[in-house]
Amino acid sequence: MPLLFEANVLLLVFSSSVLLGGESWAFHATRAPGALAPGLGSRLRTATNDLFSAVDVDEDALQKYHSVVDKHAYIGSTQLYPEPRSLEESPILLNAFLTDSRPVESQADLGLGKFIMSDWRKAWFTYGQCDRSMSAEEYQRIKNTDGFLVDPLTGEAQYEVHDIDGQLPDDLVGVLYRNGPGKFGVNGERVTHILDADGLVLRFKFKPPEEMDSSSSSSRVTFTSRFIETDGFCEERQAKQFTKRGTFGTAPVPSWYEPLRDGLNEDPPEKPPILARIAANAFKVDIKNTANTQVVAFGGKVLALWEAGMPYQLDPETLKTLGMDTLGSGRNLKGKLAVNYVPGIPEALQPDILGGLAHTAHPKMCPRTGHLVGWTWAQNPTDGSMEVTFTEYDSNGFTIVASDSHILGGCALAPHDMVLTENYVMLKINSLVMDQLSFLSGAKGPAECLGMDGRASVKAFVFPRPTLTEEKKKVYAAFVVEGIPACFSIHFSHGYEDAKTGNIVSYFSGWPPSDSESFLGAWGGFAPDYNKIPPTYYWRMEIDPVTQKCVDLRVSPGHENMCIEHPVVHPNVQTKDAKYAYAQCCNKVGDASAPMGYAKMKLDGTVAVQSNLAMGDPNDEVDVYWVGSRRFAGEPLVVPKRGGSRTETDAYLLGLVYDAVRNQSSLMVFDLERDLKEGPVCTIWLKTALPHGLHGCFAPDSSGKIVRKVDA
């Protein structure tokens, strides 16, 4: 196949086969993120400065601070404070930084979004000793003698956890899996963007108390970790350089260009000249599958997911990578884009890179059937549409129960998440377009080529679930909702069909209307920079299937100015009208900042709407536990108690927290029968720090091999 023909085909068809896939923000929100009400900036600054004035810092300490070589020792930028601020503005933080200690602060002091940037950067350090440069001989010598706590080549670690504050609950039994970026480069060269990093999967096994020997000193908790050894990971480890393009801009360089290799825990090198980028990457569209987004334990399999490719299967216990899983497609998908073949051309004449598939990183579990509901996608090459196939899997051997394919007209980019109800699946499409030429030329990474219109209306595609009968599929027929007011959706916590109206109600984290033109661009560099990221709120959207219109879109009532991400509900109410949702919480003043707490959000209408809050005003009506200004909270997960009732609060909330002072991570366990603000019932301290991470799951079966059906 001539290269020119392949290039012309790609220019014609390629859009995003490699991608992710007094005011309140209500239906007609208009104020851009960061815009302050008159006098608000000075009011907030005065309030926070008064709060921190109780601690005195002497001149010697100030001189010590001024001599610090860490250029990131400042208060992190946010939307309200877009410029870095000296720690002198916060004597409490300054004193804690100089003494390498946690600040003395109460829950009432927190929630304003203040954090030290150098602390936040540590949360994105590469895992263990994996930034260490050593010869093969030295590696073998250490491995054969003292051994590694964390193997620098594989990220492998396994040990019992004995350092536990508080009491580990007897009814917390099963296996927690987590996934996220863990190895931030190769041979001393850091990735351009944290989401291009190789995946690191974690496993926490909680043994049943009855399996423990009372005379033994063994712990009920065992920790295991390992890098996900995708094809790209292994190829680059062998080559000791980047060999594949990353979704967010990381890319190989030509042999005549030598990048800076300052270390994986240092700032990434500046981008090579454009000619170097083009020379090394033009028409190379086989994007590296990092498998770094989600992990699912279901039907005898553990799968590491990344939404622009197919999942990788892992050993449920050792976490060793077993290879790519095509989920029964029966096709060779390696090296292929998620773009269908060009119609009218024989398969033998098709470009080799076409004919692939990608699977979402966010399948959902149905609590009534116990099915895992996921979807694959592939771009259609001639009309800008996308083919999606929804599939429901049974937990008995990961077998397919039912599957349906649909076309998303005018959809150039794969949605990031989905909504599942009793009868529907829904995909909300954000307003994004792609600069195909910049990608194909190699000048930019695919995500860098995305243009975002933060003020354009969006749409949603609604389809009947595959398992419905043909008669029911006529009742719950597919439709498209046009003209949804501007709002960029990220993660959906749940959805349901309202019992009275039949309307489809969903809740999600997302950005309000904004002038932002970059899709996750501010997550580039070493760590996310919050002066460029719109604040993320918790939204409620309601769609009328009869009129096929969005009849309501607003910040979840009562949760105005709560900046949150990764919202979740109890797994029993994934498709129901949940009373509570939980999320990692950044602040309570409507700003964009690093996550430093966990929030419990009441959805039953008992929380008063805070319609008078302007950006910068605190919302003190929500139950939040703040982990502290030198700690950072990861995604929470709701885990039902073993043998408990099926109420939403008969469960635990688990969250990984990084402590910058101890340079160590812990797993906090909250009892949801208590208020979150009462704090965790126990904190499980690991032996090392963990990178911040993304998503995870819990397998109630203690072997970690099967997720049981959940009672409705």
Side-chain angles (χ1 to χ4, degrees), residues 3 6-7 10-11 14 17-19 124-126 130-136 152-153 181-199 227-292 306 308-309 334-335 337 353 434-450 518-527:
L3 176 62
E6 292 195 13
L10 287 168
L11 281 168
F14 187 80
S17 61
V18 294
L19 294 181
W124 297 99
F125 276 14
T126 206
C130 304
D131 185 38
R132 180 177 173 182
S133 178
M134 66 179 68
S135 65
L153 291 185
K183 186 172 181 290
F184 292 90
V186 60
N187 195 25
E189 183 182 357
R190 188 174 173 95
V191 291
T192 300
H193 193 292
I194 57 174
L195 296 182
D196 281 338
D198 293 297
F227 292 132
I228 302 165
E229 295 180 316
T230 64
D231 293 346
F233 176 96
C234 296
E235 180 180 302
E236 292 180 344
R237 182 172 61 188
Q238 179 68 26
K240 297 184 178 180
Q241 62 182 1
F242 295 123
T243 60
K244 292 183 178 293
R245 298 176 69 181
T247 300
F248 292 88
T250 304
V253 294
S255 59
W256 47 265
Y257 181 86
E258 182 64 28
L260 292 177
R261 301 183 184 276
D262 291 337
L264 303 191
N265 293 336
E266 299 296 333
D267 287 321
E270 292 185 3
K271 274 200 167 187
I274 189 169
L275 289 179
R277 301 200 298 271
I278 292 174
N281 300 290
F283 302 112
K284 292 182 179 179
V285 294
D286 181 14
I287 302 302
K288 180 181 178 181
N289 181 341
T290 56
N292 68 4
W306 178 73
K334 287 189 176 181
L337 296 174
I353 58 175
M434 184 164 184
D435 175 4
Q436 299 175 12
L437 183 59
S438 292
F439 169 68
L440 291 172
S441 70
K444 294 181 179 179
E448 296 175 296
C449 298
L450 282 176
S518 174
F519 172 65
L520 291 182
W523 283 60
F526 193 94

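On a predicted model such as this, the values are computed, not experimentally measured, just so you know.
Side-chain N or O atoms of Thr250 include one that pairs as donor or acceptor with a backbone N or O of Thr192 at under 3.5 Å. Between the side chain of Asn292 and the backbone N or O of Leu195 there is at least one donor-acceptor pair closer than 3.5 Å. Between the side chain of Asp196 and the backbone N or O of Gly249 there is at least one donor-acceptor pair closer than 3.5 Å. Of the possible donor and acceptor atoms, one in the side chain of Asn281 sits under 3.5 Å from a partner among the backbone N and O of Pro252. Panel note: side chain Arg277, backbone Pro272; a donor-acceptor pair is recorded below 3.5 Å. A side-chain donor-acceptor contact under 3.5 Å links Thr126 to the backbone of Gly182.
Between Arg190 and Asp262 no salt bridge is recorded (no basic side-chain N to carboxylate O distance below 4.0 Å). Glu448 and Lys271 are joined by a salt bridge, as a carboxylate oxygen and a charged side-chain nitrogen come within less than 4.0 angstrom of each other.
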Subject >> Residues Glu229, Arg237; criterion salt bridge (charged side-chain N to carboxylate O under 4.0 Å, His left out); working and verdict >> reply: CA-CA 10 Å; Glu229 295 180 316; Arg237 182 172 61 188; 3.0 Å; yes
**OP:** Show your working on side chain to side chain contact (heavy atoms under 4.5 Å, CB included) between Asn289 and Asp231 and close with a plain yes or no.
**Re:** CA-CA 8 Å; Asn289 181 341; Asp231 293 346; over 6 Å; no
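For Gly246 against Pro446, the heavy-atom pair with the smallest separation is O-CD, 3.5 Å. Shown here for Pro259 and Val253, the closest heavy-atom pair between the two residues is CD-CG2, 3.9 Å. Residues Ile194 and Pro181 share a closest heavy-atom pair of O-CB, 3.4 Å. Phe242 and Glu236 get closest at one heavy-atom pair: CA-OE2, 3.6 Å.
Considering only heavy atoms from C-beta on, Phe439 comes within 4.5 Å of Arg245 through its side chain. In this structure, Val186 and Phe233 have side chains that are not in contact, with every pair of non-hydrogen atoms separated by 4.5 Å or more. When side chains are defined from C-beta on, Trp306 does not count as touching Thr230, because their heavy atoms never get closer than 4.5 Å. Side chains of Asp198 and Lys288 form a contact here, defined as non-hydrogen atoms less than 4.5 Å apart. Using a 4.5 Å heavy-atom threshold, the side chains of Pro269 and Glu189 count as touching.
Taking the six-membered ring for Trp and thresholds of 30 and 60 degrees, Trp124 and Phe184 have ring planes more than 60 degrees apart, a perpendicular arrangement.
In Lys244, the NZ atom is crowded: over 12 heavy atoms of neighbouring residues, nucleotides or ligands sit closer than 6.0 Å.
Here the CD1-OG1 distance, from Ile287 to Thr247, works out to 6.0 Å after rounding to the nearest 0.5 Å.
Applying the side chain to side chain contact (heavy atoms under 4.5 Å, CB included) criterion to Lys240, with sequence neighbours excluded, gives Asn187.
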